[in-house]
Amino acid sequence: MSKGPKKERRKMDVLNDSPIRVLISIGAPLALVSVLSLFTAALTNDIYSKYVGQILFTVTGLISLVTSLLGNVVGSIVSASWIKTARYYNSTEGYGINKYTINAMYSILIVEAICLAALLLGVDAVLHLLSVPEEVYAYAKQYYVIYLIAYMIIPIGSLLVMIVNGIGTVKDIFIVNCVSSCGSSVMAVLLLVVFRGGLAGAAMLSACNSIALILTSIILLKRNNFKMKPDKDAWRPDPILIWDVVRYGLLMAFQIVLCNIGYLFVSVQTNKYLSLDYISTLSVSLPLSGIMGACSTACMVFVPQNYGAGKGKRVKQFFILSTTVCVLYGVFCFGVFALLGERYFSSLFDDPAIVAYGKEYWFWNGLGYIFVAVIYTVRGFLDAVGLSKVSLVSGIGELIGNLICAFWIIPVYGTIGRSISYTLGWAIAAVGLFAAYLINRKRIYGKCVTVR
């Protein structure tokens with residue numbers, strides 16, 4: 001007896017489903033991964049503490065500005081690659097890897113290669129700029145060089161995740177993001193516990209996880225009838241397409257650069273004025289922003305389509321809903337950091353002074369998550385309705401807040417200046433963004449014919 005036809009899953013209707021249904025449909029798998037990553041991050045930090053030691057936290061705290069800036073700039077190119085080529089990944093029409101995918105990868109690799117070459121050739125200059133102390137200089141340089149060399153593969157995995165998110169099922173989205181966020185714990189066990197890789201193994205951990213991520217993405221894409229073998233002509237570089245992706249990506253990265261200029265000065269002043277014991281606490285965190293990221297992703301899916309269709313009432317409802325959810329979650333994050341700081345740092349460090357530093361840092365940095373929630377939704381909303389220039393107030397606000405801490409509060413008041421630096425920048429950015437939204441409210445909804 002032949003099997004009957006499979007029941008077709010109901011697809012999400014962004015233009016007609018209720019805003020809350022759309023938010024849940026997009027955000028639920030990403031939020032679940034975020035919750036799981038809380039436990040895996042704690043496990044990974046515990047492995048770092050036992051099998052590498054405090055030196056890893058110290059080194060990553062010293063050079064985190066460079067590694068995060070590299071990730072943000074190259075990540076912007078990855079995002080631009082997806083935006084510029086997304087329409088060619090429609091699995092229902094039999095698309096797969098073609099010239100658009102290949103040239104998107106060329107764009108990523110070109111920018112990545114330039115960044116890595118500059119950072120590797122200027123390794124000593126960068127470490128001196130960051131005021132890395134002599135007693136840990138050799139360790140910092142070892143980690144820095146190995147991490148950058150291994151980094152080359154990471155953005156390709158990020159692009160494949162975006163493709164899976166774009167054409168996969170809810171289950172596929174959960175699986176690929178679970179490997180992306182939680183797979184590092186498995187790699188930590190392999191590299192640090194089994195093979196005793198030490199500091200070098202920790203530096204290669206993200207790249208090794210990206211290999212697993214790429215393999216997982218390929219399997220999931222094949223399940224969605226995504227063609228993995230491009231034609232020979234697809235390998236030919238298209239300079240116009242490459243430049244279009246690079247230009248758009250660099251424009252997206254500009255706001256991140258504004259933020260990181262402030263972070264750079266904060267990092268330099270931190271390494272110059274504050275103790276290594278305090279610096280060791282700065283790389284210890286929990287991945288609590290995942291749910292905020294899920295709200296932001298849902299905003300970028302929902303708002304442009306409904307705004308373009310003139311459905312201003314739905315756009316306004318979604319903006320209020322996503323912002324409310326995000327801010328309430330930000331309050332929750334603050335509670336977690338404020339209440340668990342002492343206990344968590346006591347599990348990683350034996351020195352009471354370091355535990356006290358960590359408790360202080362988590363409290364003030366955690367307070368900033370309330371303002372980060374506003375940034376996630378309001379900045380994404382302004383970008384989605386075509387007001388990306390207005391959203392630059394966010395980067396300017398963060399820059400101002402961090403400069404105040406770098407050149408006044410840290411030199412005069414010490415550790416509290418570093419603990420509140422990001423929070424102050426986020427607060428100024430959040431106030432500026434919300435003010436910008438209110439000022440441009442009529443301009444935004446005036447273009448929609450159905451707003452009430």
What are the two closest heavy atoms between [X] and [Y], and how far apart are they?
X    : Y    : value
N271 : S131 : CB-O, 3.5 Å
C182 : V33  : SG-O, 4.2 Å
L392 : F254 : CD2-CD2, 4.0 Å
A31  : A294 : N-CB, 4.4 Å
L213 : V176 : CD1-O, 3.4 Å
G201 : L192 : C-CD2, 3.9 Å

Checklist entry - Is it the case that D46 and Y51 place a side-chain donor and acceptor less than 3.5 Å from each other? => result no
Next on the checklist: Would K316 pass as a cation-pi partner of Y445, given that its NZ or CZ must be under 6.0 Å from the six-membered ring centre and within 45 degrees of the axis?
Outcome noted: yes
Checklist entry - Is the F318-F381 ring centre distance short of 6.0 angstrom? => result no
Next on the checklist: Check for me whether the distance between the ring centres of Y344 and W362 falls short of 6.0 Å.
Outcome noted: yes
Next on the checklist: I'd like to know whether S280 forms a side-chain hydrogen bond (donor to acceptor under 3.5 Å, both in side chains) with T58, so could you lay out the CA-CA distance, the side-chain angles of the two residues, the decisive distance to 0.1 Å, and finally the verdict.
Outcome noted: CA-CA 4 Å; S280 297; T58 302; 2.8 Å; yes
Checklist entry - Given side chains that start at C-beta, do those of V132 and H128 come closer than 4.5 Å, heavy atoms only? => result no
Checklist outcome for this item: One should read off an interatomic distance between M105 CE and L160 CG, to the nearest 0.5 angstrom, of 5.0 Å
Next on the checklist: Assess the residue pair F334 and F363 against the criterion (ring-ring contact (aromatic ring centres under 6.0 Å, His included)); give the C-alpha distance rounded to whole Å, side-chain angles, the decisive distance to 0.1 Å, and a yes or no.
Outcome noted: CA-CA 7 Å; F334 170 53; F363 179 88; 5.4 Å; yes
Checklist entry - Out of F57, Y357, Y278, which residue meets the ring pair (Phe, Tyr, Trp, His ring centres under 6.0 Å) rule with F349? => result F57
